[in-house]
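Structure first, commentary second.
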Number of protein chains: 2
Amino acid sequence: MPSIRDVANLAGVAVGTVSRVINNSGSVKPATRRKVEEAIQQLNYIPNEIARNFKMRKSKMVALLLPSIWNPFFSELAYYIEDELDREGFKLMLCNSGGKPEKELYYLDMLQQNKVAGIVGITYNDIENNISNNIPIVSIDRHFTKNITCVTSDNYEGGRLALRELVKAGSRKPAFLGSVTSVFSETMKRKEGFIDEAKSLGINYTIFEKPDPVLDEEAYFTEFLNDYRDIDGVFAITDMFAAQFIERASKLGIRVPQDVKVIGYDGIQNHSFFHPILSTIRQPVEDMARMTIKLLFKKIEGETLEKDVYRLPVIFRQGETT
Amino acid sequence: MPSIRDVANLAGVAVGTVSRVINNSGSVKPATRRKVEEAIQQLNYIPNEIARNFKMRKSKMVALLLPSIWNPFFSELAYYIEDELDREGFKLMLCNSGGKPEKELYYLDMLQQNKVAGIVGITYNDIENNISNNIPIVSIDRHFTKNITCVTSDNYEGGRLALRELVKAGSRKPAFLGSVTSVFSETMKRKEGFIDEAKSLGINYTIFEKPDPVLDEEAYFTEFLNDYRDIDGVFAITDMFAAQFIERASKLGIRVPQDVKVIGYDGIQNHSFFHPILSTIRQPVEDMARMTIKLLFKKIEGETLEKDVYRLPVIFRQGETT
DNA sequence: ATACATTATTGAAACGTTTCCAATCCAGTG
DNA sequence: CACTGGATTGGAAACGTTTCAATAATGTAT
């Protein structure tokens with residue numbers, strides 16, 4: 001593996017000169033440049049990025065820490081994040097935490113050791129207190145404190161929109177179905193929006209939340225369907241949750257949308273191959289991803305951002321369930 | 001940011017000693033060890049992994065190069081790959097090539113600069129001739145030459161199985177639907193298996209392939225449905241392809257499975273929320289992912305593998321389309 | 001031609017580790 | 001008590017870059 005020194009020797013110049021040729025920094029005579037480039041060709045020299053990172057005390061690696069890349073919402077997000085990073089020559093390191101706090105901490109520790117340039121975090125834990133030094137972090141959907149910028153969709157407006165669309169579709173007794181997640185999660189605002197809009201329209205509503213994330217989901221849905229037989233509309237906190245509800249309801253002979261209208265949140269179905277196609281509040285995933293990375297770049301550059309939370313607008317996408 | 005030298009000073013020992021404490025290498029007296037550990041605590045010292053990689057001339061980073069993480073098959077694969085890597089303390093770098101040859105080459109080049117320990121490649125290009133030095137590579141579903149080990153599902157048997165299942169479901173005039181991809185792709189064996197089994201059972205079959213990957217898919221399916229009206233069974237090369245066919249067929253009033261039985265390949269639907277649930281040839285994604293990484297580790301260790309291609313068995317999973 | 005300004009180039013230090021050899025320590029032995 | 005050998009520790013080189021001060025070469029105006 002030839003080094004910059006070998007190139008310098010072959011070209012008959014100093015290593016510093018080779019460095020300047022490679023990086024286009026400083027000035028070098030055209031003739032010299034040519035000599036060096038020939039030597040590089042001849043030796044098939046490839047700059048050692050690790051040595052460079054080491055010397056410069058920074059890398060162009062950004063980590064994406066999320067529960068599971070398998071989740072279609074996250075994989076779409078990851079796709080755009082990688083794309084945006086690549087535009088600036090940054091690389092993406094992928095970390096699946098499984099949502100487990102100890103794994104999140106383990107990864108955070110590892111990322112510090114590896115001196116990543118920045119972190120995009122979708123975590124359940126309070127990341128902030130566990131990151132000792134000052135690695136720039138942007139969080140998606142989790143709002144901790146000032147130090148960690150948050151990018152999210154407009155969950156509150158999404159909740160209001162969902163309620164309005166349910167009503168528009170004919171629902172008179174709508175319910176919100178969700179599961180209690182992290183207190184830092186912005187997604188809880190979906191519920192707030194739902195409630196506020198119902199109140200302002202004078203509509204009776206029901207809130208039915210799964211308290212424990214690991215609780216049996218089948219039991220949860222069954223209980224709901226038994227206890228609230230007159231519900232005629234459901235706003236589920238995510239598309240996945242909505243789909244589970246629909247399946248469970250179908251098994252009990254409840255028809256969607258005839259008996260119950262259903263609206264999800266996310267908009268993960270990017271193809272209309274499978275049915276029913278969910279009516280949903282669509283998050284602007286691509287915009288969120290690109291904004292996240294742009295903000296992260298700014299933080300890496302040392303700029304301070306004017307806002308703590310950036311909320312992007314959502315839209316209602318009509319499917320077959322309302 | 002404290003360095004190993006600061007620790008050494010505070011503890012009143014040499015840097016070499018600190019290094020030995022950190023890495024548990026060589027021998028160090030318990031009393032000394034304690035002193036050093038205290039200093040580490042006090043300074044909040046974090047070893048610099050980049051410096052380490054630099055010095056050791058190797059990193060624990062493995063790259064996954066694939067068309068798009070957004071594709072559910074790949075995101076499932078990536079999930080297990082990351083998990084298996086993490087077990088040995090390796091990290092995953094994610095590269096979306098979009099399937100574009102130039103982007104694949106660009107990434108390959110970058111990965112060499114970054115001295116990754118190994119590469120998992122799902123590429124359209126002939127990777128082999130474009131990787132100058134000897135980074136260990138394991139490929140999924142693409143069989144190049146001896147240098148790059150290939151892990152794949154048993155596509156040939158999968159093809160035979162699909163044909164048998166279509167016949168079992170009552171199809172008398174089955175067709176294979178696929179698109180011509182890379183000549184290196186193992187997935188073409190699905191067609192071969194389909195054909196061989198049809199021949200051996202004395203069944204008439206049809207092959208209808210989309211020649212150009214970028215060709216309009218709607219036109220392709222429409223043409224097929226117009227020209228082959230008597231087809232009563234379809235084996236599509238992937239689940240996605242099958243789903244597209246079903247959608248197109250439905251629009252023309254052709255019912256699945258009453259008029260046409262459909263079998264896909266992959267088994268990407270890990271939940272039964274959306275319908276129809278595809279009958280499919282399920283790839284053992286988790287096994288493939290873990291085997292890929294285990295083989296890659298062996299190559300990184302310098303072992304030579306006994307086989308060029310590792311084929312894992314597939315199963316038929318009954319859905320609602322046969 | 002001379003002095004000066006500008007452009008090119010060199011050489012060496014520095015980044016934070018690991019590792020090897022040599023030096024030192026210490027317990028046990030004859 | 002001197003000696004031996006293993007355990008422990010110190011010190012320095014090396015990994016491949018970038019960068020900076022110092023020097024050399026070149027060009028420019030007088």
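From a predicted model like this one, the values you see are computed outputs, not experimental measurements. All chains are named by letter (A, B, ...) in the order of the sequence lines, taking the proteins before the strands, and each is independently numbered beginning at 1.
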Proximity to the side chain of B:N48 - top-ranked nucleotide from C:dT9, C:dT17, D:dT9: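 Taking heavy atoms from C-beta onward, the closest nucleotide is C:dT17.
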Which nucleotide, C:dT18, C:dC15, D:dG10, lies nearest any side-chain atom of A:R57?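 So the nucleotide nearest the side chain must be C:dC15.
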Cut-off 3.5 Å, side chains only: do [X] and [Y] have a donor facing an acceptor?
| X | Y | answer |
| --- | --- | --- |
| B:T187 | B:D141 | no |
| B:N114 | A:R52 | no |
| B:R142 | B:S139 | no |

Would you mind reading off the distance between [X] atom [atom1] and [N] atom [atom2], rounded to a whole angstrom?
| X | N | atom1 | atom2 | answer |
| --- | --- | --- | --- | --- |
| B:R33 | D:dT8 | CZ | P | 10 Å |
| B:N53 | D:dC15 | CG | C1' | 12 Å |
| A:Q112 | C:dG16 | CD | P | 17 Å |
| B:K55 | D:dA12 | NZ | C1' | 11 Å |
| B:I4 | D:dT9 | CD1 | C1' | 14 Å |
| A:K115 | C:dC15 | NZ | P | 14 Å |
| B:R5 | C:dA13 | CZ | C1' | 13 Å |
| B:R20 | D:dG10 | CZ | P | 8 Å |

What pairs of nitrogen or oxygen atoms, one from the protein and one from nucleotides 25-28 of chain D, lie under 3.5 Å apart?
none

So if I apply the side-chain contact (heavy atoms from CB on, under 4.5 Å) rule between B:L64 and each of B:T292, B:I140, B:V120, B:N96, which one comes out positive?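 So the option named by the test is B:V120.
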Side chains of [X] and [Y]: does their closest heavy-atom pair fall under 4.5 Å?
| X | Y | value |
| --- | --- | --- |
| B:P284 | B:S153 | yes |
| B:D109 | B:Q113 | yes |
| B:Q283 | B:M288 | yes |

Scan B:S27 against the nucleic acid and name what it touches under 4.0 Å (heavy atoms): base, sugar-phosphate only, or nothing.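 It contacts base atoms.
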Indicate, with a heavy-atom threshold strictly under 4.0 Å, whether A:S3 touches base, sugar-phosphate, or nothing.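 If one applies the 4.0 Å heavy-atom cut-off, A:S3 turns out to touch the sugar-phosphate alone, with no base involved.
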Given that A:G16 and A:P30 both sit by DNA chain C, which one's nearest nucleotide is further toward the 5' end?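 Per heavy-atom nearest nucleotide, the more 5' residue is A:P30.
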With a cut-off of less than 4.0 Å, is there a side-chain N or O of [X] near OP1 or OP2 of [N]?
| X | N | answer |
| --- | --- | --- |
| B:N23 | C:dT18 | yes |
| B:S19 | C:dT18 | yes |
| B:R52 | C:dT18 | yes |

Within 6.0 angstrom of B:Y124 OH, more than 12 heavy atoms from elsewhere: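 At most 12 heavy atoms, drawn from other residues, nucleotides or ligands, come within 6.0 Å of this atom.
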Is the CD atom of A:Q41 crowded by more than 12 outside heavy atoms at less than 6.0 Å?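 It does not: A:Q41 CD has 12 such atoms or fewer within range.
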Applying ring-ring contact (aromatic ring centres under 6.0 Å, His included), which residue pairs with at least one partner in residues 73-94 of chain B are found, sequence neighbours left out?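 Listed by first then second residue: A:W70-B:Y79, A:W70-B:Y80, B:F90-B:F297.
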For the helix from C:dA1-D:dT30 to C:dG30-D:dC1, how many degrees between its two end axes (five pairs per end), to the nearest 10°?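 Taking five pairs per end, the axes differ by 50°.
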Nearest-nucleotide wise, let me know which of B:T32 and B:M56 is further upstream toward the 5' end of DNA chain D.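 Nearer the 5' end of the strand: B:T32.
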